[in-house]
Each structure stands twice: as C-alpha cells, then as structure tokens.
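Every chain is numbered from 1, with letters handed out A, B, ... down the list of sequences.
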Amino acid sequence: MPNEPSVKTLVSEKLMSFLRFSHPLVVQYTAAISQNANSPEEIVDKLLEYGVDGGDDIRSLAADLFLSVSRSDKAAAKGSNSRRHEEKSLADLARKQRQYRLIVAESDGDDDDDHDSGAGGASSSKSASGVVGGEDDKKKRKATDDREVIRALRKKSRQEYLKKREKEKLQQLDDWIAEEKVLLEGLELSEVERLEYKHNKEILEATNKFSESVAGSDGGEYRFPEAYDGDGLIDQRRRFGAASKRDTGGFEKLESWEDHQLQKATVKFGSKNRKREADDYQLLFDDSLYKLEGQLLPGKSLDEEITQKLDYVSKKHIGDGRKCLPIYQFKDKLLQMIRDNQVLVIVGETGSGKTTQLPQYLHEAGYTKQGKIICTQPRRVAAMSVAARVAVEMGVKLGHEVGFKIRFEDCTSEKTVVEYMTDGMLLREFSSQPDLKNCSVIMVDEAHERTVSTDIIFSLVKDLARQRSDLKLLISSATLDAEKFSDYFDCAPILEIPGRQYPVDILYKQPVDEILEEAVAATLHIHVTQQPGDILVFLTGQEDIETVEEMLREKVKHYGSKMGELIIHPLFANLPTELQARIFDPIPEKARKVILATNIAETSLTIEGIRYVIDSGLCKLSSYSPRTDMGSLQVTDISKASAMQRAGRAGRTGPGKCIRLYAPDHFQNQMEDNCVPEIQRSDIVSVVLTLKALGINDFKNFDFMDPPSDESMIKALELLYALGALNSKGDLTRIGKLMAEFPLDPKLSRMLIAAEKYGCAEEVMTIAAMLSVDNAIFYSPKNLQAMAENAKKRFEDGDVGDHIALLRVYNSWKETDFSSGWCRENFIQARSMKRARDVRDQLMNLMEKAGIELNSNPNDLDAIKKAIMSGFFPHIGILQGSGSYRILKGLQNVQIHPKSGMARVQPNPRWVVFHELVLTRKEYMRHVSEVKPKWLLEIAPHYYERKELEKFFPRQL
DNA sequence: GAGCACTGC
C-alpha cells in the first residue's frame, strides 16, 4: 500500500520555488494536510517544513482551512455516505478558498465569513471523531481565537496587496524590461503579466521565424514517409529500430514540416487576440486544476475506497530469468492440473509469463512427443516476438523447434514442436486438417479479447476435445470473464497466476468541461504536481489526439521553463511507423513524456515507464447492422474490463495512478462488464462461409459462446445463396468451396472467380487486393488537401469509377517498380500499397492453385465492371430525383461518398455498383462505379426480375 | 464536401 503522499511529493520542488502560498495548487495541498492536522499551527509548521513560505497569508489561510475541514468532518459523520460528503465538503472547501482569494483581491473586508460560524461545529465534529470533551473546549476557544487572527491577517494582507498592486500598476506603465523585475518577485498577480511578457516575446520570435521560413521555403516541405511495417522484423523494438533507421532524411523533413505548422498556428493565435487569450489561459489553467483537485485530494479514506489494489510482486525478481517469473511458482501445480484435466482456464495478468513459459513447461514435460503445441495470438507482431523470445530461451533457432506462422509468413519446419500463430491462421489450418491430429496441446491466448477468430476456435476446439481425449486445451484470459470461459468449457477449472503488476491508484474526475479539455487539464495537473513518470492518455481517435496535442503544446509554450519540459507524442495505428517509434525515444532528464494514444496502447503496444494513465472512458467501436447492411464507427463507452486494462498500464514499472474522466457511478452503473464480442457487431458472411467449408451445417445448434443474431445469420445465408456459394438445400457448392479458399470477403471472392469468364482476372485480382486494404490508400494532409485531391483526380480521369481508379493506382505504382517516392508524390500511403501487393501475391498463388486462368484485358472496362458486379450485384444504387440513391432490394436512401470520384460527376450516374455502405454523418456508398442495368439481368437473373428493374428505368433495359 | 478505433486470413 502506498504511503500517504507528503506535500513535498505532491508539490514539486520546482513549483515551490516560484509559487507563493496563495497559488491555488498550494492552497489545495494545504487543504489536504489540514485533513489530518490538529491545529492551524500544525498546518503552518508542516508547510514551512516543506519550504512553502507564504508569510502571514499562510497563517490566516491555515486557520481558515482548519475550521472548514473540521466542519466538513462533522458533515461527514452525519451523512450515510461519508465519501460523498467528504467530496462535497472538499468541493465546498475549494469554493471557499476561491472566495477567500477574491476577498483579499477585492479588498472588501466586510464580507463576513459565514463559514466561520461553524466554530461550534468544530467541537461536535471532534467528538464525532472520538476526541474527548476537555480537548473539545480547547478546540472551541482556539477556533474563536483563530477567527480573530484571520480578520487581523486579512486586513494586513489587504494592505500588502494594495501596495503590491500599486507597484505593479506602475510597472505596467514601464517598458517590458521592468517586467523582469516582477518576474523575479514571483507574485501571484504578476503572473499574468509575466506570461504576457513571455507570450509577447514568443510572438516576436515566432513571427521572425515564420517570415524566415517562408522566405527560405522551397515549396517542397511536404513529405510522407514510408510507413509499412515490414513483416520480416521480429519484435516491436526491432521493428521500430529499423523503421527509424530506414528513412531518416524524410523523417527530419517531416519534423521540420511539423515545426513549421506549429509556428504558423502560434502566429495566428498570438496576433489575433493575444491579450484576451492570455487572460483566459490563466483562468483556464487555475480553474481546471481547481476542479480536478476537488476530487483528487489524496485524503486517506478517499484513497482506500477508490483505490484498486492490483497484485504486486517485488521488483527485485524482475530480470532474474525464467525462474523469477510469477508463473514459475505454479509450474508443478500447472502441470498437475493439465494432467488431470482436459481443459484448463488460466487467468494470468500481463507479465505473468504464461505465453512464453507454459508451452516450454509442456515441452519439457514431454507433451511434444505426442504432437505439436499450438499457441494462438490475436496479433501478428505478438506471434512473431513471442516465438522469437521462446526460441532464445530454449536455445534453438527460430523456425526449428520453435516457430511461428502468420499470414504471408510461415516460419516453421518439420522439426517445429512449439508453434505460435495468429488465431486467424489456426482457423485456416482447421480447414485443411479438421482434427488437428498432429497436435497435442492448443493454447488460446488472450481469449478475453474475443476476436471473431478466437470465438470460432472456441467452438471448434470444444468439439474437437470431445472427439480426442488426448488433446489438451488451455484457455488463457484476463480476470473478469474467466468464469464465463470456465462455464463454456463444461466447468473447466480456473487457475489464477499473479501478474507482475504494481498497485495503481484509481482516481475519478467527473468531467465538467469538454472531455478533451479535461484531458489537457489532467495532464498538466499530473505534470505539475506529481513525481516523475510518463503519462499515457487514452482518447478516441486521430482527430481528438491531434486536438489535444495542439492544446497541450500551446499551454506548454506559455508556461515555458516554469513547468518541466513536456514531450508530447501522438500514437495511433494510422500514424507512420517512424513517428510511432518516437514513443520509445529517450527523453532529457527532468522532462516528462506524454503519449496521446488510441486503443492501440491498450493491447497492441506496451510502453515502458508509464506511471500515470488518463482515461477518457471512451473508444471508437465499429458496428454493423445486418438489416441495412451498413457499417459504422461510433464513439462508445469502454467496458469495465477495458477500463481496468487501461489503468493497469500505469503499473508496469512501478506504482502508478490512473485518472478516470468519469464518475465512479458511471463506472459502476453505466459501463458494461465486457465489450460486446466482435462476432455480434460485424458482418458474418465470411464466418458462415468458413464454417460451411468446415462442414458445419447446423448453425442453430452450433455452440457459439455468444451467438450472432438470427438476423445476421439469415442475411449471411441469403447472400451466400445469391452468390451461388450455397445451393437450395444449403449445402456448399463447388463455387462456394472455391470462394472459401480465398482470404477475402465472399463478395470479393465471387467477383474474383467470375473474372476469368470476362477475361480480366489480373485486373480484378488487383482491384480485390486494393479493396481489401481498407480506405487507407489515399492520404490527404490538412494543409495540402487541394494538391492531394488533384493527384487523386488523375486516376479518376474519364469518370471511370472508383474501382478502375484503384486499378490505375496499383498499375502506376507497379510501373515505377513499387517506388515509395512515387507514393509520396501522389499522396498515396505506401504502407497500404505494400499490403495490397502482398495480398495480391497471395491471391495469385491461390488462383493458380485453383486452376483459374490469370487472363488480362486492361482496356475492356465494361468487362471488369461486369466481373465486379458478379460479386456485388446486391450492392446496386439507383438515382432518385432528389440526387440521393436508393438501394435495390433495400429501403435505404444513400448518397455517394464525397471522397468518391463519382460524387462530382455530372449528371449523376443513374445506376451504380458500390463496395460498401457506411454510416458517418450521413449514409454513404463507398467505392462507387457506374454500371448498366441490363448487366444485372445478364449477371444476376436469379436475383433481379426484369419487371422489378423496369419500374425504375424502363428504357435502359 | 467529409473524416478512418483495432485486428486478422
């Protein structure tokens, strides 16, 4: 358990050196001490001891505080919910401090301290807390004395204040140089002036810099660095290490571009209304800290109630090798339990060593004599790095006894007995070898993440275990839902392994302002008041991250050297790898790192040295509606499990703190225990096809842990039937079997298979690859949007539609021999392009295997579109009078996405095929091409009737 | 004229 924080630890020395007692920060921490003080003198002594010297002010405020706190004790004792009361009284106290300062500032002495009327209250509060009566009277007398003292002190400080004020006014009339003097004095009210002085200077500097940079600009400041994380790299560090080495030149250039942007922003901000902004700034900073602290006070009872104690293993064990991992103590027990049970649920927090050690124990115990040990991971990088680590620990070469298998990369051999793979990969293995007879143990790691693949693996493996009594199953999960796994696997025993986790204090802050402003305030609060340690802030997405980054940079500029240096790093998946790598950069001593991250930091990336976490309580979550066939991405509350995971990130290297920007009540009552599993929020057509290919027909009784809705199931079956993958009996057809071979959405597979018939398999294969790498092909930086748009337009020339445009992008890239430079010039993401190339290569192999001829006819665009329609005939939009489109066989009205090249084609195309529907601000079709309605009758006569189509445009048929 | 959390085969 952490000790009660001393004032010294709370108020950094730096802060002490320039802040006077009246600063709200010091006021708040004084309030904290006064919680446990027996007299105003004790408070004063303690403060002096720590170097806070506020002169007479200190005494008067200490007395004031003491009385207020005593009174709040009383209130707390009365109330049924003591914590609530304590919070309330602290808020009152905070308000009072503010009043007090105002009173002093306005030199209005006749304001009577209504709160002081609680002198009698102080006595009852003390008896409530068990102090004997004699002392009680003493307190009472003291309180009355204190009241007199306060009056006297206030009068004195008023006079002093007026004196200072006069002086300041004079100084204000002086030149800026005179301000230096004020700076030295470090008085509270001169703070504004000091900042303004600093600010003015900054503006001057920034303006100069700006004109310089404009004069020296070569116009070519933009550069988009190469971003694809090559698959050959083993772990994160190596991955990033290589990434930053790879393209240093571009990186520096990008940096200077950023600086340049930053300067521009500053100039704009400063020259417009700097005076007002500076004032606001001062207020905002004080005020937000104020509110934050109102509930953040480290009072003891508050701590006990809301502090989550996470398991703790002494630090001295770290780094002592395998035997010092927490799991080691459980080795024998584990092996015993595995011997006795077929299925075992293992709960182990991060750092327990389960992923690396368990397979090794099993190997040592001889399980590999009967067959391989397979361990699944939800992520590629994890599978690779864990395998590499285990290979080192076992002293073998990676790919020999220990290997990994992920898409595009198989690093295993005949010898391999311990195999790490992604969960999707295991699913593929199932289709070629449904009984997995060469394997003796299957370990499903990170099961709590509940990816679609792990969910399916659960059912398959559960079934398999019944058939094969020699097969052992290990399901490893995080704490919260272990019982659910156990129940699912017929009450399998649960073994808990402690993690290597330090305690994390969890503090709540009910947001008052916008959540982003709260995040900024909380960050600064930690930075100014807390001991060293990096901060991790969880936000929803790129946009929020960039906003917060900008806000923080502005604030830091203003506080300058007063505050320790704050190094800010954004972190999200779409960020170029070079910039992601910066989170690992060493920082100067005394500086503090702030990482503004999305969910990527919750699971995928572990960052050392984080001691503070700020949790917005939000994330973006994708969802899919089978009824409208529409996907969307929405900001949602995270689950309790996620909240715990996020908090846990603060306790990896030492005891930490987590500030949650939501109320405890919200956590308790609003948040779900676990996030809705992915399988219930996504389109499951490919899941259904995969299962069909595995010979599973009875979906009604298929043992899903959480079954997808009937609606989405029916929708999926209907679509597969329409695509010709299933016959009228619901059995897989020849085409269906072929479709299941491709790692693509079934509509894309269908289109690919049809392409041979239209003589354009090469082209359609490229389009399929491009479409399967999301929407991350084109890149449009904010400041160069027009240029990016123009670059994109070149591929859309002739209004050929988005599909053909993608084909042209790929082919142009291929002509430049896959050049990254070309990507930069054309505002295209090299990372996505390389991924598309990998996908394309894989498709090509599969096509060859399937005996599909790779014919090519790049000039027959109609043929290409017909092939596309062979897979996407259910995705047809018809122009309505209003300019919106209606989905054939659907009811929604949608529009062409403004980013589509077809959006600006006039007149609007009447019939279009689209890749997908998305709900953002409106309902949009993404990736659109014009088609002819008569093709529909040619391609999908089983799906559309002539009559049906004639209703819309009779003449076109 | 809008905006893409994160994975995976």
Side-chain angles (χ1 to χ4, degrees), chain A residues 231 376-383 405-410 421-432 446 449-457 538-547 571-575 597-605 616 618-623 631-636 638 642 675 677-679 681-682 686-687 689-690 693 739-746 748-749 769 772-782 785-786 788-789 829 832 835 838-839 842-843 845-846 895-901 903-904 916 918-924 926:
Chain A
D231 284 309
T376 71
Q377 293 291 321
R379 274 168 294 279
R380 299 159 51 87
V381 181
K405 211 183 258 183
I406 57 178
R407 188 181 186 182
F408 309 131
E409 200 169 343
D410 182 351
M421 59 173 77
T422 45
D423 44 17
M425 203 68 199
L426 181 61
L427 213 50
R428 289 271 144 194
E429 300 261 298
F430 259 107
S431 50
S432 59
E446 315 285 352
E449 288 192 28
R450 302 290 309 273
T451 66
V452 174
S453 304
T454 40
D455 265 24
I456 300 169
I457 286 172
F538 282 103
L539 299 164
T540 57
Q542 179 173 356
E543 203 181 343
D544 282 5
I545 287 173
E546 282 167 355
T547 310
L571 177 65
F572 43 89
N574 258 347
L575 194 73
T598 60
N599 255 356
I600 193 173
E602 197 178 303
T603 48
S604 309
L605 276 175
S616 64
L618 300 168
C619 70
K620 280 190 185 173
L621 205 68
S622 75
S623 60
S632 62
L633 199 63
Q634 269 151 353
V635 175
T636 325
I638 57 169
S642 283
C675 182
E678 197 189 353
I679 201 165
R681 329 178 248 110
S682 41
S686 46
V687 172
L689 184 63
T690 309
M739 279 165 65
E741 293 290 313
F742 293 98
L744 292 172
D745 179 286
L748 288 172
S749 314
S772 65
V773 294
D774 285 353
N775 297 300
I777 303 281
F778 297 101
Y779 175 77
S780 172
K782 267 191 189 125
Q785 264 180 11
E789 288 292 309
Q829 299 238 36
S832 305
R835 174 159 248 122
D838 285 344
V839 174
Q842 194 187 19
L843 294 180
N845 287 333
L846 289 165
Q895 266 156 314
I896 297 179
H897 198 283
K899 273 204 170 165
S900 160
R904 50 163 198 279
E916 63 182 352
V918 286
L919 174 68
T920 50
R921 287 187 199 181
K922 291 178 189 166
E923 288 145 328
Y924 289 114
R926 252 202 306 234

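Rounded to an integer number of Å, the gap from CG of A:N599 to P of B:dG8 is 15 Å. Rounding to whole angstrom units, CG of residue A:L843 and P of B:dG8 are separated by 17 Å. As rounded to whole Å, 16 Å separates atom C1' of B:dC4 from atom CG of A:L539. Across the protein-nucleic acid pair, A:R681 atom CZ and B:dA5 atom P stand 15 Å apart, rounded to whole Å. At whole-Å resolution of the value, CZ in A:R835 and P in B:dC9 are 8 Å apart. With rounding to whole Å, A:I456 atom CD1 is found 16 Å from B:dG8 atom P. Atom P of nucleotide B:dC9 and atom CG of A:N845 are separated by 16 Å, given to the nearest angstrom. Rounded to a whole Å, the CD atom of A:E678 is 13 Å from the P atom of B:dC9.
Remark: side-chain polar atoms of A:E678 are paired, donor with acceptor, to backbone N or O of A:V452 under 3.5 angstrom. Of the possible donor and acceptor atoms, one in the side chain of A:T636 sits under 3.5 Å from a partner among the backbone N and O of A:Q634.
Residue contacts shown for A:Q634 are absent, as no nucleic acid heavy atom lies under 4.0 Å away. Residue A:R379 is classed as a sugar-phosphate contact, given heavy-atom separations below 4.0 Å to backbone atoms only. Within 4.0 Å (heavy atoms only), A:F742 reaches no atom of the nucleic acid at all. Across all strands, A:L621 comes closer than 4.0 Å to no nucleic acid atom at all (heavy-atom distances).
Residue A:L633 places its side chain closer to B:dC4 than to any other of B:dC4, B:dC9, B:dG1. Listed nucleotides B:dC9, B:dC4, B:dA2 differ in distance to A:N574; the shortest reach to its side chain belongs to B:dC4. Listed nucleotides: B:dA5, B:dC9, B:dT7. Nearest to the side chain of A:T598: B:dA5. Relative to the side chain of A:Q542, the nucleotides B:dT7, B:dA5, B:dG1 differ in distance, and B:dA5 lies closest. The listed nucleotides are B:dC9, B:dA2, B:dT7; the one nearest the side chain of A:H897 is B:dA2. Side-chain proximity of A:R407 to the nucleotides B:dA2, B:dC9, B:dT7 is greatest for B:dC9. Considering only the side chain of A:K620, B:dC4 comes nearest among B:dC9, B:dA2, B:dC4.
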>> If you apply the rule side chain to side chain contact (heavy atoms under 4.5 Å, CB included), what do you find for A:R379 with A:T603, and how did you get there?
In response: CA-CA 10 Å; A:R379 274 168 294 279; A:T603 48; 3.7 Å; yes
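Residues satisfying the side-chain hydrogen bond (donor to acceptor under 3.5 Å, both in side chains) criterion with A:E602, sequence neighbours excluded, are A:S642, A:R646. Not counting sequence neighbours, the partners of A:T540 by the side-chain hydrogen bond (donor to acceptor under 3.5 Å, both in side chains) test are A:D544.
With contacts defined as side-chain heavy-atom distances shorter than 4.5 Å, the pair A:L575/A:I600 does not qualify.
For B:dC9, one of the phosphate oxygens OP1 or OP2 lies less than 4.0 angstrom from a side-chain nitrogen or oxygen of A:T422. Residue A:T603 has no polar side-chain atom (N or O) positioned under 4.0 Å from OP1 or OP2 of B:dT7.
Between A:F778 and A:Q377, the one whose closest nucleotide on DNA chain B sits nearer the 5' end is A:F778. Mapping A:Q842 and A:L571 onto DNA chain B via the closest heavy atom, the residue that lands nearer the 5' end is A:L571.
Below the 3.5 angstrom threshold, one finds a donor paired with an acceptor across the side chain of A:S622 and the base of B:dA5.
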